[in-house]
Every structure is written in structure tokens, then in C-alpha cells.
2 protein chains.
Amino acid sequence: MNLKELAAELHLSQTTVSRALNGYPEVSEKTREIVLAAAQRFGYRPSPAARRLATGRAHALGVVFNAERNALMDPLFVEYLAGVAETSAKQGFDILISPSTPRDEIVTFGRLARDGTVDVVILTGPKVADERIALLSELKFPFVVHGRPPDPVGISFIDIDNFGAFQQATSFLIQLGHRRVMLINGEEHFTFAQDRSRGAAVAFAAAGLPSDMLDEHFMPMTAENAYRCARQALESDARPTAILCGSILVALGVLRAAAELGLEVPRDLSIVAHDDEMPAFPADQFHPQLTTTRSSIRAAGTRVAEMALARVAGQKPGAVAEVWPVQLIVRGSTAAAPEKG
Amino acid sequence: MNLKELAAELHLSQTTVSRALNGYPEVSEKTREIVLAAAQRFGYRPSPAARRLATGRAHALGVVFNAERNALMDPLFVEYLAGVAETSAKQGFDILISPSTPRDEIVTFGRLARDGTVDVVILTGPKVADERIALLSELKFPFVVHGRPPDPVGISFIDIDNFGAFQQATSFLIQLGHRRVMLINGEEHFTFAQDRSRGAAVAFAAAGLPSDMLDEHFMPMTAENAYRCARQALESDARPTAILCGSILVALGVLRAAAELGLEVPRDLSIVAHDDEMPAFPADQFHPQLTTTRSSIRAAGTRVAEMALARVAGQKPGAVAEVWPVQLIVRGSTAAAPEKG
DNA sequence: CTCAGCGTTCAAAGCGCTTTGGAGGTTTTA
DNA sequence: TAAAACCTCCAAAGCGCTTTGAACGCTGAG
């Protein structure tokens, strides 16, 4: 059943039926009701393709995702996607996933923007120098950012307070008496890694401690990388008594390193990790349960999708700039620093 | 630049240009080259929407994913999706993600099938009585299945050898002297859970052991559930000496239960888990490293996408029915059963 | 020399929807 | 009472592509 047939059935023109269905004011309430009822009865569903062609709007939202062999953000991504999906589905928006490797990500974005397959894209994990943002801005293609854009002016984004989270976590460790602290951070070119780095540094400065007590490492946040890094540090003479982990996965690697070296957590080593609340990977299911800085990646996904849809509906870029607070949850993986041996 | 303009530019008809671009034989090689070159030069890209409307084919592949609060398959899903994305991108197919809760999943599938938003859907996690399969079959909408359909006749699917994997793993434990074995399985209504159940049962039967030595539990495979279940069993008088885990997440919960009870793995308790190779969650990053039955969820995603595309290209349903072998990888979480106290 | 046959190209008709520019009919205003 | 102002509704023109049916020029057979 298409519009033409439905219109014929009702002895009305396509115009009127279309308008009735789409809530235009030029049609009387009475006919609208009749049309709506008939549409319902015949199970009429407008063809998305036709509508798309006629309006030039795709009614779809694009998400580019990293399909590289070892997609680091994997478990995060689904949870995030779930959030995005939830709200966009409510508004009848489709979600188009475009796989891409970091190398040709920029091409992928260009294609999305020019093809008209989607009306807006969501950009994740902004970098210190982000050419995707540059490209989309130049093309004047609507987009919103999940994370902190390097230059937020005129860009709608939502981010968690990475700075505050790591400042708080670091201060907490310092208060517990820890002096040699290691930070296993994400890759340097991500803005979130920079923010976290600054947070930790500021905490040290505030406590009047020299910044070289903070041993910071940037790397892709995998368990494997974290294991290697932690193992090496923990075997050294001046081993850290506390490790700040960029993610739960990092904590997994650190835990393994500690276990292998016979170090007990939290007696010999304190661990605090950032937790994005992946239900599959709950911080409280570890042994010991992990002290974390917690934020909901899913809620972020929900919000960023809302923003994207608002953007399509005409909201100005830069209208939204939210930074969500992050909560420190103290569990069993942190304790007072061990007495100096 | 659209087709009309390009055609005008070349002093050719739209027909010819269209055919040249789409590789139809009715156009001479010479003109084809000219057209291709011009298209390249002007950066012409056909409008997907228009093509879709004209051909009735969406050039897109649908994946329904569970956006329920605690999406259990989360970490699996991305890795799987990465596989799907990889191959479908190669063929220029878009991937449409439709969020859905289990409750209205069937509606979602119906909509996808009728709307023409996608040409084929991939169905994941088939159940013993699967109404999605019933619906799609009835609508004669192309689909392929990832996992084992209850009635595979006339259905293209790919699955891993869940039966063989768990038979092998169970036999291995029996050979190590384990007699009280627990199996923490997925939910009963999934075909994969049934297959695994049968695999374990057959191993016991083959060893001439009574089936009640196998303590089997069906549940959503979360760390939390597994923790509870394992904890309870390990505290009981006749505690199991080995636990078969349906997933790495399940193993996480079991490890925690063991640690809390002061049980050492593998001395006091052996663990073998099924591993779908999520790079984010590697079995060899645990302590101890986990003995696993391993299969690549990503490769499965790749293959199932290929199948889906073949299906669109006209391949008959039921043409593919692959069952992939699963390898048992012995690592540090298994050992001979403890002497009877 | 004519005509069938072939290889190329084209004009035009959709695909199913939205939207512009009116056209009728009814009500209000002067 | 006539004109202006509405309220409803409609015919038709796209949106940018594919595809059918036909036309064109050329070659080789009769």
C-alpha cells in the first residue's frame, strides 16, 4: 500500500493524505482523523526511500566506528551505541554504522557528509588536532561531539569531567599517603588523556608534591599494554604504591601484573580505575572490588543522540556544551600506602 | 553534481552515463572510459536515496541489536559487528542498526522487512523456538542466521561447534580427574546453550559417569550471576572441583567467588571458559591465564556478512550451513583434581 | 541495392513521496 | 450585495536515479 493507493481508497488527493499524515495545518481535523484511521487500518507505511529523495533528509544518524583489528574501545562502544540507539529509535531515526580504520576515517566522514545518507554524524574521541572536526566544519555538515573538542567554540559537545575525576582520584591517593603514583593513561593525542593528565598533575601540585612523583604513561588502553607497563614498574626499585588506571581494562592488566609478582591489592598496591559503566564488565565484580571514578557511557550516548537530533531539527552548533561530573566510588582496591620498607 | 548534469557535461544521455557507471554491457568501452574519467574528475557520486527508490534495493544490511539495559552480549557484539562491517563496507553496503528490546524485537524485524530500509537482515542468537525466524520466513524476507537455527532446513547459517567445544572441555576435565563439575551455561532458550549442555552430558556419558555429577545452571551470562551461582556452589559441602564457564565474563565472576572463599585456581578449582576472542577482554590477561575453548566471533561476523550479501545477490537460502570447529586452549586455570580430603 | 542484424545511444516513463501554486467553496468584512 | 479573506483540498512538478522500448548508424548477407 502506497500513498497513491491510500489516497484513491479515501477519494482524496495524495497531497491531502500526505499532509494529514505529517501533521500539516492545512487539513481539517476531521479529514485528518479519517486519514489516520485508514492509514492504520491498511497498515500504510511511507517509503523511507521516497521520502528521503523528496525531502533530501535521510532521517538517519551516522556513527563512525573503528573496525581496526583491535578496536580498543570495544566494550565501551556498544554501551554507548545502546544509548544512542535508544533515543534515536524513539524519534524514528535510523542509525548508520560506518566502519572505518583510523587511516581512512577522514574519507569515511567526507563520504557520509556528501552522500546524504545521514543528516548528522556523531563524532567520538576527539583528538588534540582533529581533522574530522575540521573537515565537517568546512563542509558545514551537522555534527556533534562526544568528548571534548580541542576548540569547543561553536561546537556542540558533551563530555565527562575527566580533569576533575583524575584530580579527585589523585588527591584521594595522596591523602592515603601515596607518594609514588603511576598513571596509565590513554593515547596522548586524545583530549580526554590530556585532561586526565592535567587533573593528576594539578592534584600533585596542590599537595605541594614534586611532579616527578607522578609516573605517567600514555598508551592504547588494553589489558595487555597495561600489564606490561605495570609489571615493569612494579619490578623496579622505586615501585609505585598506587596506580591510576584509564579504564577497567587497564585495571585488569594491572591486577594480573600485581598477582604475578605476589603483590596484594590493596595492601601492597592501591588501584583506582576509571569506570564507564559497562554492564558486561562491572568494577564490583573484580577481586578486590575496584575503587573507581564512575560515569555512565550509556547516558552519554543517550544525550549525544538527543543533541544530534536537535541539531537536525535546526539547533545551532555550539548550543550544547555539557560537562558531566564524575563520582569517585571507593571500594576495596585502595588503602593507605604501605609503610616504607 | 548529479547524473543529469554529468550527462549534459558529456553530451550524452543519462541512460548511457548510468549504464557506463554501473558496468552494463550495452555501452562501448570507449565511452565507458570517458564517462568514468569524467565522473572521477567531477567527483560525481550517485545519490543513494534516488538509486534506492529507483531500484527498490536499499544497499544496506540490517542488524538488530538488543538495547536493553543490561545487554549481555555487549562486548561480543562490537567485535561481531566489526566483522560484519568490514566485509559489508567492502561491497559498499551500509549497516543499519536497529535497537530493540527482546519484547518488541519481533516488531522491529517486521518493520525492517516491510520498510525496505534494508535488503537483508542478520539474525543473532537463535532460540529453540524462534519467532523471528518464523516471521521472516513467512514474509519471505532474506535473512541469514548467526548461530544454529532450531530447524536449519532452508536457512543459511553459520555457527561454531558448541557441542564439540563443551564435549571436549568436559572430557578434558574428566581426564584430569574431576568428578564434580559445574556448568554455568547461558539461558536455556538459546540453541547454543542446548548444544553446550548436550556436549557436556555426552562427555560424562562417554566416560561412564553418572549424569548427576554434572551440576548445570542456565542463566544470563553476566559476571554477577556467575559470581552468585559459583559462590553458592563452592560453599556447599560437595563443592565442584571444576567449573565450565559459558563466557569469559562468567569466568570473571567465578574467579571472584573463588578468591573470596580463599580457593586457589587451579589448585583447588579448575576453570575452563568459552572465549569468543574479544580483544578487549583477553583470556590470557587473567590471573591465572584461562584455559578456554576458543572461537573468533569476529571471523563469524565477517562470514555471516558475506552470506548476507550473497543472499542479496540471489543465493538461495539454506545454501550455507557452516559449523566451525572450536579449539581447546589449555592455559593455567586447569589442573588435576585435588585429592579427596 | 535492400534489408535484417548488431552495437550504441537516447527519450521518456516510472520509483513513492513532498511541496508549490492554485482552485473551489464558505465565511467574514465593508 | 460584492469583495476580500479563509479554509480545504487538489493537480502537477519535482527529487535523482534506473530501465524499458525505440531509434540510429553501421555491417554483412541475400
Side-chain angles (χ1 to χ4, degrees), chain A residues 1-36 38-39 42-60 92-94 111 113-119 312-313, chain B residues 1-36 38-39 42-60 92-94 111 113-119 312-313:
Chain A
M1 165 77 59
N2 59 22
L3 187 61
K4 196 180 193 171
E5 291 164 13
L6 181 60
E9 197 76 40
L10 287 164
H11 302 293
L12 283 172
S13 74
Q14 292 190 41
T15 312
T16 305
V17 176
S18 170
R19 290 195 157 143
L21 258 25
N22 294 320
Y24 281 73
E26 300 96 330
V27 45
S28 72
E29 269 319 307
K30 202 177 108 202
T31 32
R32 187 190 305 281
E33 273 170 31
I34 295 173
V35 170
L36 252 37
F42 292 111
Y44 167 75
R45 300 191 53 85
S47 146
R51 165 177 294 180
R52 182 168 302 195
L53 182 58
T55 59
R57 299 246 313 255
H59 233 70
F93 259 61
D94 287 333
R111 190 169 51 72
R114 281 181 267 252
D115 268 11
T117 327
V118 300
D119 301 316
V312 173
Chain B
M1 163 79 58
N2 61 20
L3 186 60
K4 197 179 191 172
E5 292 164 11
L6 181 59
E9 197 76 39
L10 287 163
H11 301 293
L12 283 172
S13 73
Q14 292 190 41
T15 311
T16 305
V17 176
S18 170
R19 292 195 155 141
L21 292 172
N22 294 320
Y24 281 72
E26 300 95 329
V27 44
S28 74
E29 268 320 307
K30 202 177 110 204
T31 31
R32 188 190 304 281
E33 272 172 31
I34 295 174
V35 171
L36 252 37
F42 292 112
Y44 167 74
R45 300 192 53 85
S47 145
R51 167 176 292 180
R52 184 167 301 194
L53 182 58
T55 60
R57 299 244 314 252
H59 232 71
F93 260 60
D94 287 334
R111 189 169 51 71
R114 281 181 268 251
D115 268 11
T117 327
V118 299
D119 301 317
V312 173

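Scope of the values below: all heavy atoms of this structure, side chains included, with no hydrogens, waters or symmetry mates. The chains referred to below are lettered A, B, ... by the order of the sequence lines, with proteins before strands, and numbering in each begins at 1.
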Could you tell me whether the phosphate oxygens of D:dC15, OP1 or OP2, come under 4.0 Å of any side-chain nitrogen or oxygen in B:Ser47? no

Rounded to the Å, how far apart are A:Leu6 CG and D:dC9 P? 14 Å

At 10 degrees resolution, what angle do the end axes of the helix from C:dC1-D:dG30 to C:dA30-D:dT1 form when each is taken over five base pairs? 60°

In sequence, state the C-alpha distance, the side-chain angles, and the governing distance for A:Asn22 and A:Arg51, and then conclude on side-chain contact (heavy atoms from CB on, under 4.5 Å). CA-CA 11 Å; A:Asn22 294 320; A:Arg51 165 177 294 180; 3.5 Å; yes

What integer distance in Å separates A:Glu29:CD from D:dC7:C1'? 13 Å

Filtered N/O pairs between nucleotides 19-25 of chain C and protein, under 3.5 Å:
residue: C:dT19; atom: OP2; partner: A:Tyr24; partner atom: OH; Å: 2.6
residue: C:dT19; atom: O4; partner: A:Thr15; partner atom: OG1; Å: 3.1

Could you tell me the separation between the CG atom of B:Leu10 and the CZ atom of B:Phe42, rounded to the nearest 0.5 Å? 7.0 Å

Nearest to the side chain of B:Pro46, heavy atoms from C-beta on, is which of C:dC17, C:dT9, D:dC17? D:dC17

Distance, nearest 0.5 Å, that separates CZ of A:Arg19 from OG1 of A:Thr16: 7.5 Å

Tell me which of B:His11 and B:Ala50 sits closer to the 5' end of DNA chain C, going by the nucleotide each one is nearest to. B:His11

For residues B:Tyr44 and B:Met1, report the shortest heavy-atom separation together with the two atoms involved. CD1-O, 3.3 Å

Pairwise distance OG1(B:Thr117) to CG(B:Asp94) - rounded to 0.5 angstrom: 12.0 Å

When rounded to whole Å, the CD1 to C1' distance for the pair A:Ile34 and D:dT8 reads 13 Å

Is any side-chain heavy atom of A:Leu3 closer than 4.5 Å to a side-chain heavy atom of A:Ser18? yes

Using atom CG of A:Leu10 as one end and atom C1' of D:dC9 as the other, report the distance to the nearest whole Å. 13 Å

Between CZ of A:Arg51 and P of C:dC15 the distance, given in whole Å, is 19 Å

Can you tell which of D:dA11, D:dT18, C:dA11 lies closest to the side chain of B:Ser13? C:dA11

Write down the distance between CE (A:Met1) and C1' (C:dC17), rounded to a whole number of angstrom. 15 Å

From CD (A:Glu26) to OG1 (A:Thr31), nearest 0.5 Å: 11.5 Å

Residues at least two apart in sequence or cross-chain that pass side-chain contact (heavy atoms from CB on, under 4.5 Å) with A:Ala54, listed by chain then number, are none

For A:Leu53 and D:dC15, give me the distance from atom CG to atom C1', rounded to whole Å. 4 Å

Rounded to whole angstrom units, what separation is found between the NZ atom of A:Lys4 and the P atom of C:dA13? 13 Å

Here the gap from B:Lys4 atom NZ to B:Gln14 atom CD, rounded to the nearest 0.5 Å, amounts to 6.5 Å

Any side-chain N or O of A:Asn2 less than 4.0 Å from the OP1 or OP2 oxygen of C:dC15? no

